[in-house]
J.: 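Okay, here's the structure, questions in a sec.
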Amino acid sequence: MADASEFSPMGALDIAGLQDGFRGDLLRPEDPGYEDARKVWNGSINRFPAIIARCAGVADVIAAVKFAKDTGLLVAVRGGGHSYPGLSVCDGGLVIDLSLMKGIRVDPEARTVRAQAGVLLGEVDRETQAFGLALPSGIVTHTGLSGLTLGGGINWLQRKYGLTIDQLLSVDLITAEGEFVKASASENEDLFWGVRGGGGNFGIVTDFEFRLNPVGPTVLAGPIFWPIEEAPNVLRFYREWILETPDELMTIVTNRKAPPLSFVPRELHGKLIVGVACCFAGPIEEGEKVVKPLKEFGSPVLDVCVPKPYLAHQAMFDPSFPHGRWYYIRSCDVSQLTDEVIDITVDHALRINSPFTALTLWQRGGAVERLGEEETAFGGRSAGHTYNITGATEGSEGFDEEREWVRNFWSALEPHHTSVYVNFLMDEGEERIREAYGARKYDRLKALKRRYDPDNLFRLNQNIRPTATV
Ligand SMILES: Cc1cc2nc3c(=O)[nH]c(=O)nc-3n(C[C@H](O)[C@H](O)[C@H](O)COP(=O)(O)OP(=O)(O)OC[C@H]3O[C@@H](n4cnc5c(N)ncnc54)[C@H](O)[C@@H]3O)c2cc1C
C-alpha cells in the first residue's frame, strides 16, 4: 500500500509564504490530524496530498490559490468530501479544504440563507428548520452543500421547489487568479449560469446565498417495502400511479437487502426488498390521500410512511451510506420505466449480493422540468428517472464483484440512457461529461472556462477543459 512519503515533495516545498497569517490549519503528512483530514467519504480512495490547507476564511482561500499558482502544485478543492471518485483529494498536491468554513445565517423574513462552503446538508437543515423553512438539497445529511450545489442538487422537495441550484441567489467565488468575484442574476450573469451545474470548474465558491421554502416541521414521509418477488408488479403500478400524483409528492424507489435498522422487523433483515420512499411537501391529510393507493397495493411487508419531523426524514438514508465503506457507482437517466426497463431492473435487483449494495431510483419532473434546459448549466432537466446504482462493501473484500454487478446493470440499461447527472459520475472521461451537459451547453461551459480558468488550475472535478475541441 502507498504512503505519504511516496508522493510528498516536501523537501523541496517552501510553505513559509502560505504560513504567514494563515488562520486555519496547514497539515503535512507528519502533522497530527493529517490522516483524518486526507480521508474522504469513499473508502476505496486512498490518496496522500503534500499539504492540506484547512481554510478558516476567504483570505485563507485566496492565499492557498495564489500559493498553488506560484508553486504549480496540483490542486484539489474539498467541500464535504463526498465526490464519488474522490476528486477532493490528490496525491502529492495541495488540498484546499473548506470544511472549517461553517457559517450559516438564516433571514427568516426575507426567507433566505447564507452558507459558507464547508457546511453539510444536515447543518443547513438544522438552522433553516428552526424557522419552518427548508433548502431543497440532498438525501444524506453528511453530504457537502458545496459540491452538491455546484452540480445541481436533486432532493426530496425537487418536484415542488426544484433543484438546489434553482434556489441559488448569489455566490462569492475566488478565481484561479486569486481574485474575489460575486455572481448573481444581475452580476457576472454568465458565471452565475455556469456555477449552477458546472461544478468547481470556474473557481472556489466560498459563500452561497439561497432562497428558502416553507416546509414542515412535520411531513408525511418514509418508505413502504414489498418482497422482491412483488417488484415487477409494484414497479408497473408505481409507473402509472406517479402520472397522477401532485408535485408535492417526491418518491425514490429502492432495491436492496433490508438493513438491520431498528424500524425494520428482524425477520426482514437481509431479505431482498423493493421499496418506494415518499416525501409529501404539503398538508399531512392531503398527503395521506395521495399515498393511500400505494399503501394499499399488493402485500407490503413494512409501511413506515408516516407523519414525522422533516429533519428525521432528511437523515433517513444516513445509516445506509456511512463514511469509509468502499463504493462504486454508475448512473444514468431514463425517460420512462418501460416494461423492458423494469425487467432489467428486477433482473439485476434479484442478483444483489452485498448487504450494502443498493439501487436508488429517483423520480424527476415537476419543478425541475419546468425550468428551461438553457436557464442553468445543469443538464437533463426533462429526464423521467435517475438511476443511482451503488455497489458497496466494508473494504476491499468482494469489491470487484460488486463493481462488476454495477457495471453490468448499467450496461444493460444503456439502450435507454437519455442523460446523466454530473454529480453521479465516477471518473468516466470527457465524453461522459459532455453527455451530462449536452453538446451546446458543453461548448458554452468551455468558453466560460477559458475566461475564468484558462490554465485549468481547477481540474480535479468533472473537468471542463478549456480547449476548444474535445
Ligand atoms: C452519501 C451521498 C449522498 C448523496 N446524495 C445526493 C443527493 O441526495 N442529491 C444530489 O444531488 N447528490 C447527492 N450526492 C452526490 C453529491 O452531490 C456529490 O458527491 C457532491 O460532489 C458532494 O459534494 P461535497 O462537497 O461533499 O464533495 P467534495 O468531494 O468535497 O467535492 C466534490 C467536487 O466539488 C468540488 N468542490 C467542492 N466544494 C467546492 C467549492 N466550494 N468551490 C468549488 N469547487 C468545490 C470539488 O473540488 C470536487 O470536484 C450524494 C453523495 C453521497 C456520497
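When a ligand or atom number is given, it counts from 1 through the structure's own listing order.
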J.: Give the ring-plane orientation class for His323 versus His142, where under 30° counts as parallel, over 60° as perpendicular and anything between as tilted.
T.: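 If you compare the ring of His323 with that of His142, the planes turn out tilted.
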
J.: Could you pull out all residues at least two apart from Leu74 that satisfy side-chain contact (heavy atoms from CB on, under 4.5 Å)?
T.: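 Testing Leu74 for side-chain contact (heavy atoms from CB on, under 4.5 Å), a comparison that skips the adjacent residues, returns Cys90, Arg459, Leu460.
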
J.: Quick one, list the residues around ligand 1 where some non-hydrogen atom comes in under 4.0 Å, by chain and residue number.
T.: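 For ligand 1, the contacting residues are Trp41, Val77, Arg78, Gly79, Gly80, Gly81, His82, Ser83, Tyr84, Leu87, Ser88, Leu98, Ala117, Gly138, Ile139, Val140, Thr143, Gly144, Ser146, Gly147, Leu148, Leu150, Gly153, Ile154, Gly200, Gly203, Ile204, Val205, Phe321, Trp362, Tyr421, Asn423, Phe424, Leu460, Asn461.
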
J.: Using 30° and 60° as the class limits, which term best fits the ring planes of Tyr327 and Trp41: parallel, tilted or perpendicular?
T.: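 Geometry flag for Trp41 against Tyr327: parallel rings.
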
J.: Could you check if a side-chain atom of Pro309 sits within less than 4.5 angstrom of a side-chain atom of Gln314, using non-hydrogen atoms only?
T.: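 In short, these two side chains do not touch, never coming nearer than 4.5 Å.
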
J.: Return all side-chain donor-acceptor pairs below 3.5 angstrom for residues 209-221, not counting sequence neighbours, or 'none' if the list is empty.
T.:
unit_1	atom_1	unit_2	atom_2	d
Glu209	OE1	Ser170	OG	2.7
Arg211	NH1	Asp166	O	2.9
Asn213	ND2	Gln167	OE1	3.3

J.: Under the side-chain hydrogen bond (donor to acceptor under 3.5 Å, both in side chains) test, which residues partner Tyr421, sequence neighbours left out?
T.: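 Once residues adjacent in sequence are excluded, the partners of Tyr421 under the side-chain hydrogen bond (donor to acceptor under 3.5 Å, both in side chains) criterion are Asn423.
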
